[in-house]
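Chain A is the first sequence line, chain B the second, and so forth, proteins listed ahead of strands; every chain is numbered from 1.
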Protein chains: 2
Amino acid sequence: MSAPDRGWTPGAGAGPTGAPLVRIVDVAAAAGVSVATVSRTLNGKGRVDPVLAGRVRDAAERLGYRPNAVARNLRRRGTQVWALIITDVNNPFYTAVARGVEDQASRSGYSVLLCNTDEDQSKEDRYLEVAAQERVAGVVLAPRSSDTDVSGLVGSRIPLVVVDRELSHPADFVTAASFEGAVMATEHLLREGWRRPACVTRPADTATTEQRRLGYEDVMRRHGLPPLVRHVPFHVDGWTEIQNTLFSAPEPPDALLTVDSMLALDMVAGLKRLGRRIGTDVGLIGFDDAAWAPVVDPPLSVVAQPAYEMGVAAARLLTKRIQDPTAAAETLTMSTTMIVRESSRRAAPA
Amino acid sequence: MSAPDRGWTPGAGAGPTGAPLVRIVDVAAAAGVSVATVSRTLNGKGRVDPVLAGRVRDAAERLGYRPNAVARNLRRRGTQVWALIITDVNNPFYTAVARGVEDQASRSGYSVLLCNTDEDQSKEDRYLEVAAQERVAGVVLAPRSSDTDVSGLVGSRIPLVVVDRELSHPADFVTAASFEGAVMATEHLLREGWRRPACVTRPADTATTEQRRLGYEDVMRRHGLPPLVRHVPFHVDGWTEIQNTLFSAPEPPDALLTVDSMLALDMVAGLKRLGRRIGTDVGLIGFDDAAWAPVVDPPLSVVAQPAYEMGVAAARLLTKRIQDPTAAAETLTMSTTMIVRESSRRAAPA
DNA sequence: CCTTTGGCTGAAAACGATTACTTGGGAGTA
DNA sequence: TACTCCCAAGTAATCGTTTTCAGCCAAAGG
């Protein structure tokens, strides 16, 4: 039998538009074989006569056949695609994670689709739903908050690895030692002689930045100093808030610990506008070693996270999880390192 | 009729693993209606008795039914998903474009999946193939080079909008006035009194950066000056190359025009290491107004592109293209603006 | 009281691949 | 020669939806 007549013959000078796509039956007809043989040839499964295989490959080539992955995924009940859901493509930490995930994924034969939630709960919900309904092979998620609802993924039995921020739902989890990093940073500031370091952090439902705040407060308490903390929303110039509160108070801070690199950038710009010299009048240390950290004025001290390696680790866990969905959930905490540049050193006033 | 027996009853205390997913037939059986009625209810198409609709929604909720989008896409012959293929997630220009595309897409009811090709031809090929086979509703592509092969998309009749870099294949195209931007920047450098500005650009098959080089050379020629050009590969520290060539020559340049923000960063770091004072010994101006540009030492002059707006425009064109695949291809060139800070001003030596 | 109309409902046919199962022919053995 | 056995190729079931189409029932009109 040949393909059902669609009033159109493949390759016979089809019009500029509206010509139907070529399907496997068209290839089969053109090669004079059955669809099964075409499928087996193109997928390299089962034995097929070299002569027929040649005819099939010729026909496929000639007609410009492009298998419909949607149909294939339906039949195979699975894809070779992961979704990586992050909260901010502008944050170099997450893009570094993304590259790690991507590199490791392609070694295992998966493609990675990146979804940017922009710290917006409704966008995150939407992407989680898309991932669940499109039945991706797995998801790497940096959740907006620990209450992010992953029931869609769970309901669709989609393997999940959480990265950076903890989730209340149990799952494989890759993170960095945020608390310890903040402890290092705060102790460093005090050692340098700063007297009133403050912590500029993100909303309290962001797990990782809370760890950093807690690390800061822990050190302050041990030194008998009153903690100074401000929570700054995403998507605003953090400096405005800080200037109106901390720097308008009778006793302003003399140093700042920021929990991510965008906040650090806001502080550098703001302090400059206010005429405060960083490293002399005010100490500053941030999280994440962005590419620009060494060249700002003055070079920025940071607590660095192994972002790329975290991505690789997350991808490895996801591969394992796909192979064995029943294994117990693992948590991987990678260590942070402090990179001291000039912004946190206490220089003598000129 | 009820669902074919799979040896498992939905909601009847299924085991921890391996329990099949809930399908539409399961919902239909539980609600005592046909699958057609379930589909109509859940999609809000056609009239359905409120009582039955209630039973359906109850059953769907109770069983945790999650429609299989793969099957739906197959039947509907289409998705609500776009692919956005960019060459570098670490480049703030592209992430700004991505946010523009994303915002506009979601206004039109599409979800955007981001693919990062890392300036790697094989990765780009892979993602184009995935997009073509997965039959996404449309693609926004920032091509690696003008020879990027989009025949897969064309063959699968997938609407395409090209952004930033031109493609030899005809398609809707959104770009910025690179040539004019480079002309502005070069004339500005000469006006400030720099005598030997050089151009640090990317490989010659990158359309946009070539435009910038040409703009630079055009000005140099008009001023009767010999052009100084170096092409720097992606993924390397651009400075090494520049130091070993331009700055090892008998007559080194006294100013640099870089064609993207990562190159500018490399130059700032490198010139510092070499002990050259930017704005005094050497002038510097880059492309793209990255968030860090105002806070490096000294603040970086740039030619800014309206990246976010370019993304929005690309998304608009794609929506139009999807509605009318036959319309003539459009090209949109958005203007660039020069932001002069200190790095390009010629300060008197201290 | 019968017929027409209109609106819901359900049965079944797509969608386009993969793959289990069937079939037929050739080779090998008794 | 006849009977197995094996292997490649083809037939048809399947994946889980959406959507066409036919049928049924109730209401309305003649």
Out of C:dC15, D:dT18, C:dA11, minimum distance to the side chain of B:Ala36 belongs to C:dA11
Using the salt bridge (Lys or Arg N to Asp or Glu O under 4.0 Å) criterion, which residues pair with A:Arg316? Sequence neighbours excluded.
none
Taking only N and O in the side chain of A:Tyr65, is any of them less than 4.0 Å away from OP1 or OP2 of C:dG16?
no
I'd like to check the side chain to side chain contact (heavy atoms under 4.5 Å, CB included) partners of A:Val48; sequence neighbours left out, ordered by chain and number.
A:Thr37, A:Thr41, A:Leu52, A:Ala53
Euclidean distance, atom CG of residue B:Asn68 to atom P of D:dC15 [Å, nearest integer]:
12 Å
Could you measure the distance from the CZ atom of B:Arg165 to the OG1 atom of B:Thr148? Nearest 0.5 Å is fine.
8.5 Å
Measure CG/A:Leu74 against P/C:dT19 and give the value in whole Å, please.
12 Å
Quick one: pull up OG in B:Ser156 and CZ in B:Arg135 and give me the separation to the nearest 0.5 Å.
4.0 Å
Scan for ring pair (Phe, Tyr, Trp, His ring centres under 6.0 Å) pairs involving residues 60-85 of chain A, sequence neighbours excluded, and state none if there are none.
A:Trp82-A:Tyr110
May I have the distance from B:Gln133 (atom CD) to C:dC15 (atom C1'), rounded to whole angstrom?
17 Å
Residues at least two apart in sequence or cross-chain that pass side chain to side chain donor-acceptor pair (under 3.5 Å) with A:Glu102, listed by chain then number, are B:Tyr127
Difference in axis direction between the ends of the helix from C:dC1-D:dG30 to C:dA30-D:dT1, five pairs, 10°
60°
Keeping to residues at least two apart or across chains, list the salt bridge (Lys or Arg N to Asp or Glu O under 4.0 Å) pairs with something in residues 44-56 of chain A.
none
Find every protein N or O atom lying less than 3.5 Å from an N or O atom of nucleotides 22-27 of chain D, and list the pairs.
none

Would you kindly say whether B:Glu134 and A:Asn73 are connected by a side-chain donor-acceptor distance under 3.5 Å?
yes
Result block: side-chain N/O donor-acceptor pairs under 3.5 angstrom for residues 136-147 of chain B, not counting sequence neighbours:
| unit_1 | atom_1 | unit_2 | atom_2 | d |
| --- | --- | --- | --- | --- |
| B:Arg144 | NH1 | B:Thr206 | OG1 | 3.4 |
| B:Arg144 | NH2 | B:Asp205 | OD1 | 3.1 |
| B:Ser145 | OG | B:Asp147 | N | 3.0 |

Just the rounded figure in Å: distance from P of C:dA11 to CD1 of B:Ile24.
14 Å
Please identify each residue that fulfils side chain to side chain donor-acceptor pair (under 3.5 Å) with B:Asn90, with sequence neighbours left out.
A:Thr95
Got a sec, which residues hit salt bridge (Lys or Arg N to Asp or Glu O under 4.0 Å) with A:Arg66, two or more places apart in sequence or on another chain?
B:Glu129
Would you please confirm or rule out a distance under 4.0 Å between OP1 or OP2 of C:dG10 and any side-chain N or O of B:Thr37?
yes
In whole angstrom, what separates A:Arg76's CZ from C:dG16's P?
18 Å
Distance check: side-chain N/O of A:Arg77 vs OP1/OP2 of D:dG16, anything under 4.0 Å?
yes
Distance, rounded to the nearest Å, where A:Arg72 contributes CZ and D:dG16 contributes P:
18 Å
Do A:Arg75 and C:dT18 have a side chain to base donor-acceptor pair shorter than 3.5 Å?
yes
Can you figure out which of D:dT11, C:dC15, D:dT17 approaches the side chain of B:Ala71 most closely?
D:dT17
Ordered by number, residues from residues 38-52 of chain B within less than 4.0 Å of DNA chain D (heavy atoms) are B:Ser39, B:Arg40, B:Asn43, B:Lys45
Suppose we screen for side chain to side chain donor-acceptor pair (under 3.5 Å). Which residues come up paired with A:Asp103, at least two apart in sequence or across chains?
A:Tyr308, B:Lys123
